[in-house]
Amino acid sequence: MELRLYDTLSREKRTFVPLDAKDVRMYVCGPTVYDFAHIGNARPVIVFDVLFRLLRHLYGEAHVKYVRNITDVDDKINDRAARDFPGLPLNAAIRKVTEQTGKQFHADVDALGALRPSVEPRATEHIGEMREIIERLVAGGFAYVAEDHVLFSPQAMNAVDSGLPRYGALSNRSLDEMVAGARVDVAPYKKGNTDFVLWKPSKPGEPSWPSPAGVAAQGRPGWHVECSAMAWKHLGEHFDIHGGGIDLVFPHHENEVAQTCCAFHRERMANYWMHNGFLQVESEKMSKSLGNFVTIHELLAEWPGEVLRLNMLKTHYRSPIDWTTKSLEESARTLDDWYRVAADVVPGKPAPSVIEPLLDDLNTPLAIAALHGLRGSDVGALAGSLRLLGFLSESAAQWEGRKQQASGVDAKEVERLISERTAARARKDFAESDRIRDLLAAMGVAIKDSKEGTTWEVAR
Ligand code: AMP
Ligand code: ZN
């Protein structure tokens, strides 16, 4: 069985062959930590977590390295720090913002059942690597210094005819068209209108570091070079998979490829470029102004993390996803059922019927259909497959207990009513037993009678 992955660069599904099967390497662009992460941000986290788990299953846990960075240098972070902590010096305020948001991000994604990546590098801890890449680019004639900035020239890159990729190849754009279509009011220090920033001067009070390439003023890196530096440090000049949301293909990933390949004279940075589609909410683009902007944190107050996870995986990662309450309710009912039948059984091996669709470019909707099939035929395999996909982190009792708590149902009161009803039935007082059943139903509790007695659960 082989793994096939869709590669954005070659625009086709290709068989995955790792550079080194003992050291499979994946980089995914992580969050910029200035605010609560929204449910769109959860999509790459969940999708690439499934890929991480699948790669560990195929190559062994010790042989897969997953790097997801934390961007902690950014204008949005600075703005937030100045707004939320006006009494503190800016650098101390920035530390507060990035620490708090970073912690919140971890709490959120842990609850979604995502494994922690092997390394979570922070941009501020890799300034040395960024400076080195920038120095190499200037020395190689791909970048230049102007007014305390260092800029990358895509045209200088495309002037080299061999050994490097074309600028524009990943996002399938032509540099000539980009040059022709670029805005006219470009910054005066740029030689070409498609040149992008590798390094820029810091404003007074902003975080700053000694600059590369002989620039005297202190400065800070551009966003794109941060990921080139962190990927290089932890995965090398050339690695297997690079992922992120589809919005990052241009300019972020196009520029990462340009920086890394020109700095190290390579034709490739990653062998497979993978991008998740966008998430919208109740058929509308998610935005603060539309009032449909939902954070992971808010959703977790209402739904268990595994419900959010299942709901995300019901759609193939490359398709757009419409996030709706109706679909969440369905996902919750499915998980209630799977918890009841599979959470407490000894897990068997994950079923081939679940693994096979995953091997075909992470076809999670088909894998989920296979889970429904196993429900009636092999609960051991259902349990093993669910665990592989990051579900069943609790026992059936914990799951049910959480549901009761969330619904505000008083379990003691329910038990008391059920024993009253059992007594009524024993004395054949069916009017009374029906009354109690209706009362429980009105409380949101469903009961089921069997030979062993009466069981109950909170109805969704
Ligand atoms: P950001 O913090 O905005 O750079 O985003 C972090 C990650 O979330 C990136 O991989 C983005 O592509 C991804 N992302 C942001 N918004 C959405 C969305 N609405 N749907 C899917 N992915 C998203
Ligand atoms: Zn990145």
Side-chain angles (χ1 to χ4, degrees), residues 8 26-49 51 66-77 79-80 97-98 101-102 104-106 108-109 112 114 117 119-123 126 129-130 133 170-171 196 198 221-235 239 241-260 269-270 273-288 290 292-296 299 308 311-313 315-324:
T8 306
M26 168 162 84
Y27 185 93
V28 174
C29 293
T32 305
V33 284
Y34 67 98
D35 204 349
F36 284 105
H38 58 68
I39 188 63
N41 300 134
R43 195 167 192 199
V45 170
I46 294 172
V47 162
F48 291 103
D49 178 66
L51 180 56
Y66 172 23
V67 179
R68 186 183 62 213
N69 72 291
I70 290 178
T71 298
D72 58 356
V73 195
D74 189 272
D75 284 336
K76 291 189 285 266
I77 299 174
D79 295 347
R80 180 82 190 207
V97 169
T98 57
T101 347
Q104 184 61 51
F105 178 74
H106 277 143
D108 288 348
V109 301
L112 296 174
V119 191
E120 280 193 289
R122 288 175 168 266
H126 294 74
E129 286 80 5
M130 296 175 207
I133 288 177
L170 181 69
S171 55
F196 63 87
L198 296 169
W223 172 38
H224 314 305
V225 79
E226 296 178 10
C227 283
S228 282
M230 289 183 267
W232 172 44
K233 169 73 189 274
H234 297 284
L235 300 176
F239 52 93
I241 300 170
H242 193 314
I246 188 88
D247 57 318
L248 299 186
V249 175
F250 189 87
H252 185 52
H253 289 166
E254 192 72 62
N255 292 353
E256 272 189 46
V257 178
Q259 295 158 164
T260 298
M269 177 184 188
W273 284 88
M274 295 179 66
H275 294 100
N276 64 268
F278 244 48
L279 174 150
Q280 54 174 16
V281 172
E282 308 283 355
S283 307
E284 278 185 340
K285 184 177 170 346
M286 183 168 43
S287 78
K288 290 216 161 109
L290 287 173
N292 64 352
F293 186 91
V294 237
T295 65
I296 304 174
L299 283 165
L308 308 184
N311 204 52
M312 199 69 89
L313 296 176
T315 304
H316 186 257
Y317 77 93
R318 281 194 283 122
S319 306
I321 181 169
D322 190 21
W323 191 262
T324 64

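Just follow the structure's listing: the first ligand is 1, and inside any ligand the first atom is 1. As the structure is a computational prediction, the values presented were derived from the model and not from experiment.
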- Using a strict 4.0 Å cut-off to heavy atoms of N276, name the atoms of ligand 1 that fall inside it. 21 (C), 22 (N)
- Hey, could you give me the CG/CD distance between D322 and Q280, rounded to the nearest 0.5 Å? 5.0 Å
- Query: Between P44 and ligand 1, is there a nitrogen or oxygen pair with a distance under 3.5 Å?
  - Reply: no
- Query: With respect to H224, which candidate in H253, Q259, H252, E254 satisfies the side-chain hydrogen bond (donor to acceptor under 3.5 Å, both in side chains) definition?
  - Reply: H252
- Gap separating the CE atom of M269 from the CG atom of L235, nearest 0.5 angstrom: 8.5 Å
- Can any side-chain N or O of R43 pair as donor or acceptor with the backbone N or O of M312 at less than 3.5 Å? no
- Message: I'd like to check whether D247 has a polar contact with ligand 1, where a contact means an N/O of the residue lying under 3.5 Å from an N/O of the ligand.
- Response: yes
- Hey, is ligand 1 close enough to G245 that some N/O pair sits below 3.5 Å? yes
- Any N, O or S atom of C227 closer than 2.8 Å to the Zn ion (ligand 2): yes
- Message: Which residue and atom name correspond to the protein heavy atom nearest atom 9 (C) of ligand 1, and how close is it?
- Response: L248 CD1, 3.8 Å
- Message: Just to confirm my output: which protein heavy-atom neighbour is closest to atom 6 (C) of ligand 1, and how far is it?
- Response: N41 ND2, 3.5 Å
- Message: Starting from atom 20 (N) of ligand 1, what is the nearest protein heavy atom, named by residue and atom, and what distance separates them?
- Response: L279 N, 2.9 Å
- Starting from atom 4 (O) of ligand 1, which protein heavy atom do you reach first, and at what distance in Å? T32 OG1, 4.1 Å
- Below 2.8 Å, any N, O or S contact between H253 and the Zn ion (ligand 2)? no
- Message: Looking at N69 and E120, would you say the former's side chain and the latter's main chain have a donor-acceptor pair under 3.5 Å?
- Response: no
- Task: Using distance alone, determine whether R43 and ligand 1 share an N or O pair under 3.5 Å.
- Result: no
- Message: Run the side chain to side chain contact (heavy atoms under 4.5 Å, CB included) test against V257 and tell me which residues pass, sequence neighbours left out.
- Response: P165, L170, C261, W273
- Item | Y317 backbone acceptor or donor facing N276 side chain under 3.5 Å | no
- Message: Does R68 form a side chain to side chain contact (heavy atoms under 4.5 Å, CB included) with V45? I'd like the steps, not just the answer.
- Response: CA-CA 9 Å; R68 186 183 62 213; V45 170; 3.8 Å; yes
- Item | Location of contacts on H38 toward ligand 1, heavy atoms closer than 4.0 Å | side chain
- Message: Pairs of nitrogen or oxygen atoms closer than 3.5 Å, one from G40 and one from ligand 1: do any exist?
- Response: yes
- Qualifying residues under side-chain hydrogen bond (donor to acceptor under 3.5 Å, both in side chains), relative to R80, sequence neighbours excluded: D35, D84
- Query: If you measure from each heavy atom of G277 to ligand 1, is any distance below 4.0 Å?
  - Reply: yes
